[in-house]
Amino acid sequence: MLDIKFIRENPKIVKQGILNKNEKDTVDEILEADRERRKLLVTVEELKAKRNKVSQEVGRLKKAGENADDIVAEMKQVSEDIKQLDEQLRSVDEKLKELLLWVPNLPHSSVPVGKVGKDETSNVEVKQWLPEGFLFENEEPILDHIELGKKFNILDFERGAKISGSGFPVYIGKGARLERALINFMLDYHLDKHGYTEIIPPLLVNRDSMRGTGQLPKMQDDMYHVEKDDLYAIPTAEVPITNMHRSEVLSESELPINYTGYTPCFRREAGSYGKESKGFLRVHQFNKVEMVKFVKPETSYDELNNLVSDVEDILHELKIPYRVLELCTGDLSFAAAKCYDIETWSPAEKKWLEASSCSNFENFQARRANIRYRKDEDKKLDFIHTLNGSGLATSRLMVSILENYQTPEGKVIVPKVLQSYTGFNIIG
RNA sequence: GGAGAGGUGGCAGAGUGGUUGAAUGCAACGGUCUUGAAAACCGUCGUACGUGCAAGCGUACCGAGAGUUCGAAUCUCUCCCUCUCCGCCA
């Protein structure tokens with residue numbers, strides 16, 4: 001959520017940011033509601049001040065045994081007016097809040113501006129890393145991850161569709177073990193090498209949590225919702241973990257807070273059928289190790305770099321070719337001010353696949369979720385900055401691992417760092 | 001699912017419907033004392049919004065919402081949450 005004062009004072013900047021993000025510009029509507037709200041507020045507060053004052057006077061008069069009927073009658077009318085104005089105010093207030101919830105975060109000034117219209121072509125590749133001996137062109141025929149999954153009986157998309165519907169993969173035997181190895185390896189690495197604290201959060205969360213991180217109201221249709229209890233299945237561990245500190249005041253000395261956690265993630269992906277939807281490329285349930293940071297505002301861009309570097313470490317260990325993209329304004333998510341995507345290479349698709357997204361939300365989520373810290377220097381409260389990054393999503397990563405680690409003999413080698421976790425070195 | 005108890009400031013804990021934003025204690029912060037520290041003593045010590053160049057002023061907030069009243073932390077109703085016990089269950 002943006003600060004209404006900031007919008008009031010910088011409408012042009014806000015409008016430009018919204019335009020660059022291809023979101024709906026409601027700034028004028030907001031300013032109008034804000035003006036109306038303040039006008040009503042001044043009027044009603046003056047009346048309330050009067051009521052408070054006179055009511056005290058009534059008390060004094062009655063105590064002294066004097067008659068107060070006249071001013072009581074007058075105050076009765078004032079109270080009636082207050083009641084009406086309060087009702088108007090409440091309605092304007094609600095409208096304003098709703099409008100504000102739909103305003104996206106503004107892109108950081110360093111973010112490349114995309115062309116008008118939803119556009120990812122202005123994303124900038126800032127880095128590419130390839131393991132030793134890697135070639136983009138393979139001499140031997142390459143099987144894609146679906147064929148490999150079938151061949152070794154380690155992945156079963158058809159049975160997943162039978163059990164739940166398409167997009168719910170089943171992992172079998174060595175596939176399941178490899179998946180679990182990957183999760184454990186990544187978690188252990190972040191804990192031991194990067195110093196994160198592990199969280200196992202709830203997978204169903206309430207409305208306030210979804211609003212806090214910015215999924216609601218915009219992404220309503222993309223989420224699984226348990227109607228009976230009004231709970232949402234998490235689309236990412238970002239939601240429960242960031243909301244751990246919702247409505248809390250943290251002390252400066254405990255920042256930065258670095259959490260990591262593994263959870264399944266659930267996404268309805270409404271309306272996305274047909275587009276890159278085969279196998280693991282787009283699923284309704286997948287596994288992800290997530291990293292979440294709560295930091296002081298002045299450190300958040302350094303922390304964003306740390307986040308990307310923590311993801312890269314994992315890929316170096318796994319020896320998976322990847323590239324880092326700096327997203328342009330048109331490709332930035334609703335809540336992000338700046339974001340790097342990390343994409344891993346799929347030799348069968350001959351494509352880069354998004355396996356991680358590292359974002360700085362600045363104080364956008366902190367405002368929505370009311371997460372603040374008390375500064376040492378002046379003891380004042382301020383919003384913290386939140387960041388998160390996938391470290392990483394196993395589905396896309398699994399595609400890259402299976403496809404990149406194929407041997408000419410038609411087997412798949414388990415990446416070295418995972419072997420102690422899997423207990424086997426080869427599939428097939 | 002059934003029964004009961006409770007929700008007040010960072011915490012603990014008062015609060016006959018009328019200078020109560022809220023006693024008191026602890027914690028925290030500043031100071032005096034001390035070679036230093038502790039103790040003791042003195043002082044400060046909520047947040048948000050609005051308004052003003054500013055000092056300031058105003059309003060709201062005692063789980064949430066509605067009601068009674070000139071006036072509600074205090075009375076009434078509804079809801080939410082937490083805890084305890086019983087039942088069911090992994």
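Quick caveat: nothing in here was measured; it's all calculated off a predicted structure. Naming: A, B, ... by sequence-line order, numbering from 1 per chain. Note that these values count all heavy atoms, side chains included, but never hydrogens, waters or copies made by symmetry.
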Within the 4.0 Å heavy-atom criterion, would you say [X] contacts the bases, only the backbone, or no part of the nucleic acid?
X	result
Arg60(A)	nothing
Lys5(A)	sugar-phosphate
Val58(A)	base
Ile71(A)	nothing
Lys62(A)	base
Arg367(A)	nothing
Lys39(A)	nothing

What is the separation between atom [atom1] on [X] and atom [atom2] on [N], rounded to the nearest whole Å?
X	N	atom1	atom2	value
Glu46(A)	G50(B)	CD	P	16 Å
Arg51(A)	A60(B)	CZ	C1'	11 Å
Asn206(A)	U82(B)	CG	P	11 Å
Asp208(A)	G63(B)	CG	P	18 Å
Leu40(A)	C49(B)	CG	C1'	14 Å
Leu381(A)	U47(B)	CG	P	6 Å
Gln77(A)	U69(B)	CD	P	14 Å
Asp229(A)	C80(B)	CG	P	12 Å

Are any of [X]'s side-chain N or O atoms less than 4.0 Å away from OP1 or OP2 of [N]?
X	N	result
Arg38(A)	U59(B)	no
Asn52(A)	G58(B)	no
Lys379(A)	G46(B)	no
Lys48(A)	U59(B)	no
Arg374(A)	U47(B)	yes
Ser55(A)	U69(B)	no

Does a donor on one side chain and an acceptor on the other come within less than 3.5 Å for [X] and [Y]?
X	Y	answer
His108(A)	Asn360(A)	no
His316(A)	Tyr322(A)	yes
Thr26(A)	Glu29(A)	no

If the [atom1] atom of [N] is compared with that of [M], how far apart are they to the nearest Å?
N	M	atom1	answer
G7(B)	U34(B)	C1'	46 Å
G13(B)	C26(B)	C1'	11 Å
A27(B)	C41(B)	P	12 Å
G63(B)	G15(B)	P	15 Å
A28(B)	C62(B)	C1'	22 Å
A66(B)	A54(B)	C1'	41 Å
C80(B)	U24(B)	C1'	31 Å
G50(B)	C42(B)	P	40 Å

Note to self: Please determine whether side chain to side chain donor-acceptor pair (under 3.5 Å) holds for the pair Glu303(A) and Asn306(A), giving the CA-CA distance in whole Å, both sets of side-chain angles, and the decisive distance to 0.1 Å.
What the structure shows: CA-CA 5 Å; Glu303(A) 291 283 6; Asn306(A) 294 340; 3.3 Å; yes
Does [X], at its [atom1] atom, have more than 12 non-hydrogen atoms belonging to other residues, nucleotides or ligands within less than 6.0 Å?
X	atom1	answer
Lys97(A)	NZ	no
Met244(A)	CE	yes
Arg159(A)	CZ	no
Lys15(A)	NZ	yes

Check: Quick one: is the NZ or CZ of Lys174(A) closer than 6.0 Å to the six-membered ring centre of Phe152(A), and within 45° of its axis?
Finding: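 Cation-pi check for Lys174(A) and Phe152(A): fails.
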Next item on the list: Assign the ring pair Tyr232(A) / His225(A) to parallel, tilted or perpendicular, where the plane angle (0 to 90°) is split at 30° and 60°.
Entry: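 Ring orientation of Tyr232(A) relative to His225(A): parallel.
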Checklist line | Range-with-range stems of RNA chain B (Watson-Crick or G-U pairs under 3.5 Å, three or more in a row) | finding: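 So the stems come out as B:1-7 with B:80-86, B:10-12 with B:24-26, B:28-32 with B:40-44, B:46-51 with B:56-61, B:63-67 with B:75-79.
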Notebook entry, point to check: If each of Glu87(A) and Ser79(A) is mapped to the nucleotide of RNA chain B with the nearest heavy atom, which maps nearer the 5' terminus, i.e. the 5' end?
Noted result: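 It is Glu87(A), whose closest nucleotide lies nearer the 5' terminus.
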Next item on the list: Tell me which of Lys50(A) and Lys76(A) sits closer to the 5' end of RNA chain B, going by the nucleotide each one is nearest to.
Entry: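 Comparing both residues, the 5'-ward one is Lys50(A).
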Next item on the list: Classify the side chain of Glu45(A) versus the base of G58(B) as yes if they form a donor-acceptor pair under 3.5 Å and no if they do not.
Entry: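 Answer is yes: a donor-acceptor pair is held.
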Item checked: Residue Val42(A), side-chain atoms from C-beta onward, closest of U51(B), C49(B), G67(B) ->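 Nucleotide nearest to Val42(A)'s side chain: U51(B).
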